*Asks:* 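Before we start, here is the structure in question, set down as structure tokens.
Just so it is clear, the model here is predicted, and its values are computed rather than measured. Computation of the quantities below employed the complete heavy-atom set of this structure, encompassing side-chain atoms and omitting hydrogens, waters and symmetry-equivalent molecules. Chain identifiers are assigned alphabetically (A, B, ...) following the order of the sequence lines, protein sequences preceding nucleic acid strands; residue numbering begins at 1 within each chain.
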Amino acid sequence: MISTTHHDTDKKTDNGCLQLSDEILSALAKFQQIELEDFELDAKELEILFTPSMVAQILPKLKLPTTPTAGSKPSSLLSTNFQLPIEKYPNKISAVKLGATKSEGGTRGKTFTIGGELSPAFYTFENTIPHKPIVTLDVFDMEVPLSKAVKMHVKDVIGDPAAWAKLAVEKFGADMVTMHLISVDPLLKDATPKDACQTIEKVLQAVDVPLIIGGCGDPVKDTALFEEVCEQFPGERFLISSVTLDMEVERCAKFIKKAGNAVLAFTPMDLNFARELNRRLYDNLAHEDIIMDLTTAALGYGLDYAFTNMERARIAGLMGDQELAHPMSSGTTNAWAAREAWLKMTADWEPRELRGPLWEVTTALTLLLAGVDLFMMMHPAAVKTLKDVTNYLTSGKKADPAKFADWVKVKA
Amino acid sequence: MAEKKKGGLKELSPITIYKNLPKTNCKDCGQDNCMAFATKIVNREIDLDTCKPLLKPEYTKSYTILKDLLKPAVKEITLGTGDKAKKIGGKLVMYRHEFTYKNPTAIAIDVTDEMPEHEIIRRVQKTENFSYEYIGNTLKLDLIAVRSTSDDADKFKACVKKVSETTQLPLILVTLNPAIAEAGLMIIPKSRPLIYAATTTNWKDMAELAIMYDAPLVASAPNDLNALVSLAKTLQDYGVKDIVLDPGTFANDGLADTLNNFTMLRRAATKGGDELAGLPLLGVPMVAWANKGDMADDLVKWRESYIASMLITRFADIIILHNNDGWSLLPTVVLRQNIYTDPRKPVAVAPGLKVFGTPDENSPVMFTSNFALTYYTVASDIESSKTNAYLIVVDAEGAAIDSGVAGRKLTAEKIADAIKASGIENKVKHRKIISPGKASRISGEIEELSGWKVLVGPRDSSEIPKYIVDKWQP
């Protein structure tokens, strides 16, 4: 209950209506009943007029006293149901299989299928996840600049791709291995495609997981490299990484199809380029042969663009844009391009040995929630967390509400 | 997906707004006319109250209509009072490509009433002083969560008192015991702390406190959305004005339910116009510390950090953390900044010649890409070292150096053209240009096309000052 000591009618407006002051309105909303003391009103005819807008202002908080005000406050918990916001989508994301076993014409001990989603990423209240996202670790065929936090884990195997691949699979839990054949770069070693195929042969002997074959970034040399790879290793169902708009797209698509491989379609952060490249690939390749790489930028260095680009692509794909309804791959290793991932900073921000891999995993998990199906990663700890989280998200196990409130009193 | 949206941006046209404006064309709002004002309103670039005539009594009806049209799908709530008060919620959309997210996720760090006093002060000061400079923004933390682990009213009072004397940051009072919550509120009766939490069992007492102290209140119902909206509805009808929803945060196997709950609530609010779901969402990554077993602390911090990041991506408006180490907070605050940037802003800066300090004819010349983040990073490294230099910003279509070179957005031709167009040849006597280390692959081509000698500089711009001191010779 509040008291007011208004002696005036200063809120009287031109048309003679009494305007309730803001204070009284808010008091009404709060206390639902006001007793005016020492209140005089000089008027021949008193009419309290609630304009519809005033009522609308008060109503959400105040039941006008048709019943006694005390009764308008609930005395026990009301019961209302949450309407599950389930959507239906006209399309689904294509599923792409990688790797081939002996009986399928390859030499791999295991294969993976990715994609096939029916809903945005991990909207498991709507649909289950048909295929778990997977992780491939980078292996290089020559020395490359690596940050300290990464290098310490692989320093013994640099220069030996087969040993590096084995370490990635057996020790770091990689689902697949990406063999980056950068030595063929005309501006680096200018190795021949045949040399590169020998490296692939060694890696195929060392591990039994499916392989991604990475080029050097030179459009002409990569075309020659991929053509040789497709001729020498038909039936392995490699993922060829990557075909770009400035390559001979149709020629590449033909030899990739002939060898039964899959392709990574790489475009620089623009969905129109992604659509265009896919359209050109469709002449020779099926939807089930194409994975998109829409470009990954590091946390702090454009991750927002990468995230939104991928989220839009996934939603568009589900809504019926067939040209974007492909599984997505992310070069999550790019997280290490952020200086905060590797730079020695002041003591407040150390140790960088933890900050760096956390940078990579934060980049990965953000893109996991945008819909990425295949992660190209670097640091073993980041890989482990990404795999743990995808396992949690697909386990089908429920949260235990009884345990939640423990945090309130935990003595950490 | 349904495009039906409350206050939906797509259906809201400037005409709809204009119809309800006073149409005085008075220009008091700073716009040329009412139509221009209406356009700014639709783009959320100006506040409705800037229209002074609209605030007159005769326009009350129009004002109410406009307010309703512009009402965000998620209610905006203010925590605390004064300069450091924190607004949360106010979201218009579900996805950031639809419209810039408003009110970045508020981050709270906890203290407990059983910590020694010096520890409380140290933690509060560390939270208040947390600061990271990132492309022209200072990244900060926002609130202190005071937890009662003792369940002792006197201890809680002492702790709240100490915290409120140490900082102006808004507080969250964390206890499920209304008597303890009241003890805390009595210490700071006018500060509008967020009260955590009303549950299906204590709700009436907590609601009374929220009303008495005019404080916002969390409704908490772990992993039970029916109970959560029932609780919110009850509190609302009881008279609680500002309600925050806590659907529960669960680590490990509970993560799937956690993300689903946040996602369903936000979709119901933004796409379905569900007003009970349209309240700010609270996440508690610090659940990682409950049931941690014998896990090493660094691993718990790591887990808490990644849960925080996932919740920032998945719609949390406020989160409570325990760990305050820089290495694990940095990814979280940078991600928050990223997710809450304007998706319409250009990624690139204008190409051309930039001058640092007072360079002369012997000063170093460098080039970089016009990708905004690359440019600002390089520029801040040159500036902070007070190096006198020229920097040629090449139009790489907004790509970073490495991806620009790989994707042929940053080519030797473009660099040679940029050198020519910059007029640098008339400013320096030498013909040497420092290339970013990550563009070393194309240095030979640049030399061929431009006739300038290319010196391959460091791979990271933080080493530019040292490089120039050690290596630069005109």
*Asks:* Where does A406(B) contact chain A at under 4.5 Å (heavy atoms): side chain, backbone, both or neither?
*Replies:* backbone
*Asks:* Pick one of side chain, backbone, both or neither for S395(A), based on which atoms fall under 4.5 Å of a heavy atom in chain B.
*Replies:* side chain
*Asks:* Q236(B) side chain to K241(B) main-chain N or O, any donor-acceptor pair under 3.5 Å?
*Replies:* no
*Asks:* Nearest heavy-atom pair of K204(B) and S75(A): which atoms, and what distance?
*Replies:* NZ-O, 2.7 Å
*Asks:* Below 4.5 Å from any heavy atom of chain A, which atoms of S309(B) appear? Answer side chain, backbone, both or neither.
*Replies:* side chain
*Asks:* Which bit of Y340(B) is near chain A, if near means a heavy-atom gap under 4.5 Å: side chain, backbone, both or neither?
*Replies:* neither
*Asks:* Do you know which of P351(A), A405(A), G396(A) has the most heavy-atom pairs under 4.5 Å to chain B?
*Replies:* P351(A)
*Asks:* Does E397(B) come within less than 4.0 Å of R408(B), counting only side-chain N to carboxylate O?
*Replies:* no
*Asks:* Pick from N223(B), D224(B), D253(B): which one has the most heavy-atom pairs with chain A under 4.5 Å?
*Replies:* D253(B)
*Asks:* Which bit of D110(B) comes within less than 4.5 Å of chain A, counting heavy atoms only: side chain, backbone, both or neither?
*Replies:* neither
*Asks:* Side chain from CB out, backbone as N, CA, C, O: work out which of these in D257(B) comes under 4.5 Å of a heavy atom of chain A, or both, or neither.
*Replies:* side chain
*Asks:* Using non-hydrogen atoms only, which part of A335(A) is less than 4.5 Å away from chain B: side chain, backbone, both, or neither?
*Replies:* neither
*Asks:* Report which part of W289(B) has an atom under 4.5 Å of a heavy atom belonging to chain A: side chain, backbone, both, or neither.
*Replies:* both
*Asks:* With sequence neighbours left out, write down each residue that passes side-chain hydrogen bond (donor to acceptor under 3.5 Å, both in side chains) with R96(B), or none if nothing qualifies.
*Replies:* T308(A), T341(B)
*Asks:* Please classify the contact between E350(A) and chain B as side chain, backbone, both or neither, with a heavy-atom cut-off of under 4.5 Å.
*Replies:* backbone
*Asks:* Determine whether Y196(B) and W407(A) satisfy the following criterion, ring pair (Phe, Tyr, Trp, His ring centres under 6.0 Å), listing intermediate values before the conclusion.
*Replies:* CA-CA 12 Å; Y196(B) 185 97; W407(A) 79 271; 5.1 Å; yes
*Asks:* Examine whether an atom of I86(A) lies under 4.5 Å from a heavy atom of chain B, and if so say whether it belongs to the side chain, the backbone or both; otherwise answer neither.
*Replies:* backbone
*Asks:* Name the option with the most non-hydrogen atom pairs under 4.5 Å to chain B; the candidates are A337(A), S76(A), A297(A).
*Replies:* S76(A)
*Asks:* Does this structure show an ion pair linking K438(B) with D460(B), if we count only N-O contacts that are shorter than 4.0 Å?
*Replies:* no
*Asks:* Check whether Y63(B) gets within reach of chain A through its side chain, its backbone, both or neither, counting any heavy atom under 4.5 Å.
*Replies:* neither
*Asks:* Mind running salt bridge (Lys or Arg N to Asp or Glu O under 4.0 Å) on D113(B) and R147(B) for me, showing each step along the way?
*Replies:* CA-CA 6 Å; D113(B) 62 359; R147(B) 293 189 294 128; over 6 Å; no
*Asks:* Between T346(A), T366(A), N391(A), N334(A), which shows the greatest number of heavy-atom pairs under 4.5 Å with chain B?
*Replies:* T366(A)
*Asks:* Just give me the residue among T263(B), D151(B), N252(B) that pairs up with chain A most often, heavy atom to heavy atom, under 4.5 Å.
*Replies:* N252(B)
*Asks:* Given the options T385(A), D388(A), T363(A), which has more heavy-atom pairs under 4.5 Å with chain B than any of the others?
*Replies:* T385(A)
*Asks:* Between N177(B) and T175(B), is a side-chain hydrogen bond (donor to acceptor under 3.5 Å, both in side chains) present by the stated rule, with each step listed?
*Replies:* CA-CA 5 Å; N177(B) 180 343; T175(B) 172; 5.4 Å; no
*Asks:* Is it the side chain or the backbone of K409(B) that comes within 4.5 Å of chain A heavy atoms, both, or neither?
*Replies:* side chain
*Asks:* CZ of F130(B) to CG of L330(B): how many Å apart, nearest 0.5 Å?
*Replies:* 6.0 Å
*Asks:* Please round to the nearest 0.5 Å and tell me the distance separating atom CD of E311(A) and atom OG1 of T313(B).
*Replies:* 9.0 Å
*Asks:* Please look at S305(B) and chain A and tell me whether the side chain, the backbone, both or neither of the residue comes under 4.5 angstrom of a heavy atom of that chain.
*Replies:* side chain
*Asks:* Tell me, side chain or backbone of L231(B) under 4.5 Å from chain A's heavy atoms, or both, or neither?
*Replies:* both
*Asks:* Heavy atoms only, distances under 4.5 angstrom: which of F250(B), Y306(B), W302(B), Y132(B) has the most pairs with chain A? Name it, please.
*Replies:* W302(B)
*Asks:* Give the C-alpha distance, both sets of side-chain angles, the deciding distance and a yes or no for side-chain hydrogen bond (donor to acceptor under 3.5 Å, both in side chains) between E114(B) and T149(B).
*Replies:* CA-CA 7 Å; E114(B) 289 182 293; T149(B) 53; 2.6 Å; yes
*Asks:* If only atom types and distance count, is the side chain of Y134(B) paired as donor or acceptor with the main-chain N or O of G300(A) below 3.5 Å?
*Replies:* yes
*Asks:* Could you tell me which portion of D348(A) (side chain, backbone, both or neither) has an atom closer than 4.5 angstrom to a non-hydrogen atom of chain B?
*Replies:* backbone
*Asks:* Just give me the residue among Q337(B), R459(B), K126(B) that pairs up with chain A most often, heavy atom to heavy atom, under 4.5 Å.
*Replies:* R459(B)
*Asks:* For the interface with chain B, which of F122(A), W342(A), F266(A) has the highest count of heavy-atom pairs at distances below 4.5 Å?
*Replies:* W342(A)
*Asks:* Does a donor on one side chain sit under 3.5 Å from an acceptor on the other, for D381(B) and S462(B)?
*Replies:* no
*Asks:* Is N323(B) in contact with chain A via its backbone, its side chain, both, or neither, using a 4.5 Å heavy-atom distance?
*Replies:* neither
*Asks:* Using non-hydrogen atoms only, which part of K301(B) is less than 4.5 Å away from chain A: side chain, backbone, both, or neither?
*Replies:* neither
*Asks:* Would you say Y238(B) and E208(B) are linked by a side-chain donor-acceptor pair, where the criterion is simply a distance under 3.5 Å?
*Replies:* yes
*Asks:* Side chain from CB out, backbone as N, CA, C, O: work out which of these in D402(B) comes under 4.5 Å of a heavy atom of chain A, or both, or neither.
*Replies:* side chain
*Asks:* Heavy-atom cut-off 4.5 Å, strictly under: side chain, backbone, both or neither for F125(A) against chain B?
*Replies:* both
*Asks:* Below 4.5 Å, heavy-atom pairs only: which of N309(A), T362(A), L187(A), L358(A) has the largest tally toward chain B?
*Replies:* L358(A)
*Asks:* Is D297(B) paired with K292(B) through a side-chain N to carboxylate O contact shorter than 4.0 Å?
*Replies:* yes
*Asks:* Salt bridge between E98(B) and K271(B), side-chain N to carboxylate O under 4.0 Å?
*Replies:* yes
*Asks:* May I ask you to check whether over 12 heavy atoms, not counting those of E58(B), lie within 6.0 Å of atom CD?
*Replies:* yes
*Asks:* Which atoms of P145(A) come close to chain B, meaning under 4.5 Å heavy atom to heavy atom: side chain ones, backbone ones, both, or neither?
*Replies:* side chain
*Asks:* At a heavy-atom separation under 4.5 Å, does A277(B) approach chain A through its side chain, its backbone, both, or neither?
*Replies:* side chain
